Undergrad: 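What follows is a single structure, and I will ask about it in a moment.
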Amino acid sequence: MTGPTPDFWQNLFDQNATRWDRGGCSPQLLAWLDSGALAPCRIAVPGCGGGWEVAELARRGFEVIGIDYTPAAVERTRALLAEQGLHAEVVQADVLQWQPAAPLDAVYEQTCLCALHPDLWTGYAQQLHRWVRPGGTLFALFMQMVRPGAVQEGLIEGPPYHCDINAMRALFPGTQWHWPKPPYPQVKHPNLSHELVLPLTRI
Ligand SMILES: C[S@@+](CC[C@H](N)C(=O)[O-])C[C@H]1O[C@@H](n2cnc3c(N)ncnc32)[C@H](O)[C@@H]1O
């Protein structure tokens, strides 16, 4: 397997070395929910990690499916839901293999793409295109992690792998997804760098 494996992520969870985890729901998801840009629908959260966003969506009445291939992530998400008396489907599966039983209205993409080795990005982007129905939305937060080694020597470093905007445009081309016009808002991450906010509508 190219790049990180489920064992790699499991070790990080076991050591509580989960520096991507905000310890709560992303402020950008809350903003989308509070503004009505994201209203109850059938939505998936790939690479759901600790499950904060899955729980928030469940609390707000969404039909939400959390997907993660690491046992600790699935356990944490299920435990969080149980603790808060919420219901959501939580699937232990590889996002490169999983298929929804019916098309999705939306996907919330937060630090799953940047967790995958870039060799796997095309396959993942094809999955997202398959999952979301035409007219549905990919609510994407693209992690920006520019490192000198990448710019100067072409090193591929991660996770998190830098989600360069040109690479994002190639993965989610304008022929398949409607892009808002730049400049795009940023969301600061407490331990990493920042994400670019990009809701893409499936054509
Ligand atoms: C950086 S963490 C992000 C977790 C969560 N989205 C967040 O922002 O807190 C990446 C998560 O994606 C999961 N993951 C990575 N590759 C995956 C794959 N191919 N299929 C399913 N889950 C994957 C990992 O197990 C981990 O829980």
Side-chain angles (χ1 to χ4, degrees), residues 1-33 38 43-58 62 64-81 88-100 104 106-131 138-145 147 156-163 171 186-198:
M1 183 181 277
T2 311
T5 61
D7 283 349
F8 168 87
W9 295 105
Q10 180 71 35
N11 280 335
L12 294 181
F13 281 107
D14 288 347
Q15 294 162 27
N16 272 322
T18 54
R19 68 193 188 108
W20 64 81
D21 192 313
R22 286 185 168 89
C25 184
S26 159
Q28 183 55 43
L29 178 58
L30 294 177
W32 271 325
L33 292 169
L38 181 50
I43 188 168
V45 182
C48 62
W52 302 108
E53 287 73 25
V54 173
E56 188 60 34
L57 290 163
F62 285 73
V64 52
I65 309 164
I67 309 148
D68 205 295
Y69 67 2
T70 304
V74 170
E75 282 158 25
R76 284 190 187 202
T77 301
R78 287 185 179 151
L80 183 66
L81 289 163
E89 189 180 342
V90 185
V91 187
Q92 185 173 344
D94 187 336
V95 294
L96 300 168
Q97 304 295 331
W98 179 82
Q99 295 302 332
L104 303 171
V107 167
Y108 180 71
E109 158 53 50
Q110 174 186 296
T111 55
C112 185
L113 179 64
C114 73
L116 299 172
H117 187 282
D119 279 0
L120 306 176
W121 282 4
T122 309
Y124 180 53
Q126 285 167 352
Q127 282 282 78
L128 295 176
H129 190 259
R130 269 193 288 271
W131 296 354
L138 172 61
F139 289 88
L141 300 175
F142 291 136
M143 178 60 71
Q144 302 303 297
M145 287 293 290
R147 299 178 182 86
I156 297 175
E157 296 166 289
Y161 298 97
H162 172 53
C163 296
L171 283 179
Q186 290 186 8
V187 190
K188 292 266 173 252
H189 193 289
N191 307 319
L192 304 171
S193 178
H194 67 276
E195 296 157 310
L196 289 180
V197 177
L198 266 152

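For the numbers below, each heavy atom of this structure counts, side chains included, while hydrogens, waters and symmetry mates do not. Every number for a ligand or one of its atoms is a count from 1 in the order of the listing. A quick note: this is a predicted structure, and the numbers were derived from the prediction, not measured.
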Undergrad: Say whether, by atom type as modelled, one donor and one acceptor occur between the side chain of Trp121 and the main chain of Leu113 under 3.5 angstrom.
TA: yes
Undergrad: For the residue pair Gln127 / Gln99, report whether a side-chain donor-acceptor contact shorter than 3.5 Å exists.
TA: yes
Undergrad: Could you tell me whether the side chain of Val197 reaches within less than 4.5 Å of the side chain of Leu141, counting heavy atoms only?
TA: yes
Undergrad: List, for ligand 1, each N/O atom that has a protein N/O partner under 3.5 Å away, with both atom names and the distance.
TA:
unit_1   : atom_1 : unit_2 : atom_2 : d
ligand 1 : 6 (N)  : Gly47  : O      : 2.8
ligand 1 : 6 (N)  : Gln110 : O      : 2.8
ligand 1 : 6 (N)  : Thr111 : OG1    : 3.2
ligand 1 : 8 (O)  : Gln110 : NE2    : 2.7
ligand 1 : 8 (O)  : Thr111 : OG1    : 2.6
ligand 1 : 16 (N) : Tyr69  : OH     : 3.3
ligand 1 : 19 (N) : Asp94  : OD1    : 2.9
ligand 1 : 20 (N) : Val95  : N      : 2.9
ligand 1 : 22 (N) : Tyr69  : N      : 3.2
ligand 1 : 25 (O) : Asp68  : OD1    : 2.6
ligand 1 : 25 (O) : Thr70  : OG1    : 2.6
ligand 1 : 27 (O) : Asp68  : OD1    : 3.4
ligand 1 : 27 (O) : Asp68  : OD2    : 2.7

Undergrad: Does any part of the side chain of Trp98, heavy atoms only, come nearer than 4.5 Å to the side chain of Tyr69, both counted from C-beta?
TA: no
Undergrad: Side chains of Tyr108 and Glu56: is there a donor and an acceptor less than 3.5 Å apart?
TA: no
Undergrad: Write out all pairs satisfying salt bridge (charged side-chain N to carboxylate O under 4.0 Å, His left out) with one or both partners inside residues 15-29, taking only residues at least two apart or from two chains.
TA: Arg22-Glu195
